[in-house]
Amino acid sequence: MLAQAVGVAEILVVLLYLFLVVFLGWLGWRRTKSAADYLIAGREIHPFVMAMSYGATFISTSAIVGFGGVAGMFGMSLLWLTFLNIFVGIFIAFVFLGGPTRRMGHTLQAHTFPELLGRRYQSKFLQVFAGLLIFLFIPLYAAAVLIGGCEFIATKFGIDYNVALLVFSVIIAAYVVMGGLKGVMYSDALQGSIMFVGMLILLLWTYGKLGGVSEAHAGLTEMGKMPSLFGSIGFKGWTAMPEFGWGDAKYDLWWIVVSTITLGVGIGVLAQPQLGVRFMTVKSKRELNRAVLVGGIFILVMTGVAFTVGSLSNLYFYEHEVITGKVVGTTDKVGVIAKKERGLVKKVPCALLHIDTTGDGEADINIVKAGHDVTTPDGKTIPFSKLMPAAEVKELADGTAEIRPRANAYLRALVKTGDGEWMFNTGSIIPTFVTRAMPGWFGLLFLVTLLSAAMSTLSSQFHAVGTSIGRDVYEQVTGKHGKSIGVTRVGIIVGIVIAVLISNYARGGYIIARATAIFFGLCASAFLPAFIGGLFWKRMTRPAAIASMVTGFGITAFWLLFVKAKEAVAIGLVKGSILAEHPNWPVVDPIVVALPISALVAIAVALATKPPAQDHLDRCFK
Amino acid sequence: MFGIEDKYVSMVYLLCVASSLLCVVYGLINWNRGEEAAREEDIRWAKEEKEVE
């Protein structure tokens, strides 16, 4: 059944791609036999390979499908994240952090990010605590990457999301377990190159289809003047920033875009454990300088394209999309889920059209025909009929019809959930756009692009999961040094299972972007003060590092459990944010509060405690 | 600019391209910088590794 849905050409291309990736992994694996060998061989890594490996690890389906979908919903204001990705994630990281991380990693013989922190501060607790945080929370980020890949596979081939998850998970697990770890950087370079080509074609084709750069932007600007579902939270169009201010719900969107999407991920990249170790694998500072060149272009083409195309997809769906097929059914009135958080479901009443474009009598495309107005208990009318333009249907002589959905990207991303309910799903925006707007051959290239994006990130994530539980926790707690390979492998399998379980239960409500932002924000708040302080400030002490890490984690956890509305309700300890009466606070990301406080705690405790021993500092900063 | 009326979005559109160019220029200027230091460091690190072994 799967082979029928997918097609022979697709299966052959995917198999060829997997063969190439595994072959490159095997080539790398043949040259390395142990963890220490891995790093020594790594110091010979070519700057192109290193930069592509860093970029391919950094950019995943989460960025392309997840955040690209959020750009489809909220617009080009997400390009602030692209700017931070390049300026902070590449320029600052490589020019200012790369050299010191590489040097200190070598002098302290550290092989993992927690080990670097533990040895800099001579603290077993720090290494174990950081290792546990990574082991517990990376599966959440990995789930975001898995969901992104599955959304495309499900949309592209019209198969059930859970079937897509099963197939995708098996491919990923086989790749990670069969040796995707040791030769990972060579495989990453191939995957990064595929991603680069795929995204570049996507951008050029999209602008070409919409009439050119200025014409496309002008059309999208004009479209942004229509009434919007998100107008009440400050949406002002896809080429404009949301309304800025404080103390009113109409400013919520600005705080979502700037605090969660932009700062959460844009700053958090500096303290990503799976990216930090990349700096320890280059031969010299010179290689890092060269890698800046490749990385700067790569990230611009990755996230810049995803966010621009995500925004522009609105114009395509509204003005350019024409579906030719037979209307095989209509649903006069059904509640489509717009928001679903553990018991709280908000639905939009719509009429739906079910269209068969393949001629097999089954509907393969479902669109919103029109919205129905709603009168709330307090007598207010929500004019969904105006907020959701009606689809135009033109009957043809042969019994088929030409249908213009006239929808924006969010309304076009209509999916049926496993429970048989209809839902607007942000994660389906980019897959739907690629399937509908791009030629068939590109869908195949994009499938391999997303496989590359997911596999390169997931292999590093699970590598970090395995080493954190094996080397950083098990070896430190038991004292059995160098005997953690079995624990590492079990850790990887447990990590994969947890990520798949999360992917199975979490879908919709821009979960991909939110899960990614949670992990990045947590890393920034817990690790960044200790990491930056450890690299640049000799006065930074062990108690200060421990205090800032515990404070950063504690505040982030408290904020997610009780304050940030979407996460607090989803976790379920409270029925709503404890600051629900105070506008804007329930949408502010924990990083805005936790990172400044953990940095201040680090400085205050460092100044109040005894400086580290001089001979240890001499060794660290040799 | 380029069909975008909002000044902050126009600005970030340019900033993305400018920061990418900054990376390219930095990479080109420093392409061979530190070659000698890298070689010296190689020798020193190799020596240290032998001592550890």
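Naming: A, B, ... by sequence-line order, numbering from 1 per chain.
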Using a cut-off of under 4.5 Å for heavy-atom pairs, which of A:Ile299, A:Val95, A:Ile90 has the most such pairs with chain B?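 Option with the greatest count: A:Val95.
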Please classify the contact between A:Leu300 and chain B as side chain, backbone, both or neither, with a heavy-atom cut-off of under 4.5 Å.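 The side chain, not the backbone.
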Can you sort out the partners of A:Phe298 under ring-ring contact (aromatic ring centres under 6.0 Å, His included), two or more places apart, ordered by chain and number?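 With neighbours one apart ignored, the set is empty.
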Please output the residues of residues 81-89 of chain A in contact with chain B, using a heavy-atom cutoff of under 4.5 Å, in numerical order.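 Answer by number: A:Thr82, A:Phe83, A:Ile86, A:Phe87.
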To the nearest 0.5 Å, tell me how far B:Ser10 OG sits from A:His217 NE2.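 Spacing of OG (B:Ser10) from NE2 (A:His217) equals 9.5 Å.
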A:Gly296 and B:Ser20: which non-hydrogen atoms are nearest, and at how many Å?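 Between these two residues, the closest heavy atoms are O-OG, 3.0 Å.
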Measure across B:Tyr8 and A:Trp80 and return the closest heavy-atom pair with its distance rounded to 0.1 Å.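 The pair with the smallest heavy-atom distance is O-CZ2, 3.6 Å.
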Contact leader toward chain A among B:Val24, B:Val12, B:Val17, where contacts are heavy-atom pairs under 4.5 Å: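 Among B:Val24, B:Val12, B:Val17, the one with the most close pairs to chain A is B:Val12.
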Mind checking whether B:Tyr13 and A:Leu79 have side chains closer than 4.5 Å, heavy atoms only?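 In short, these two side chains touch, coming nearer than 4.5 Å.
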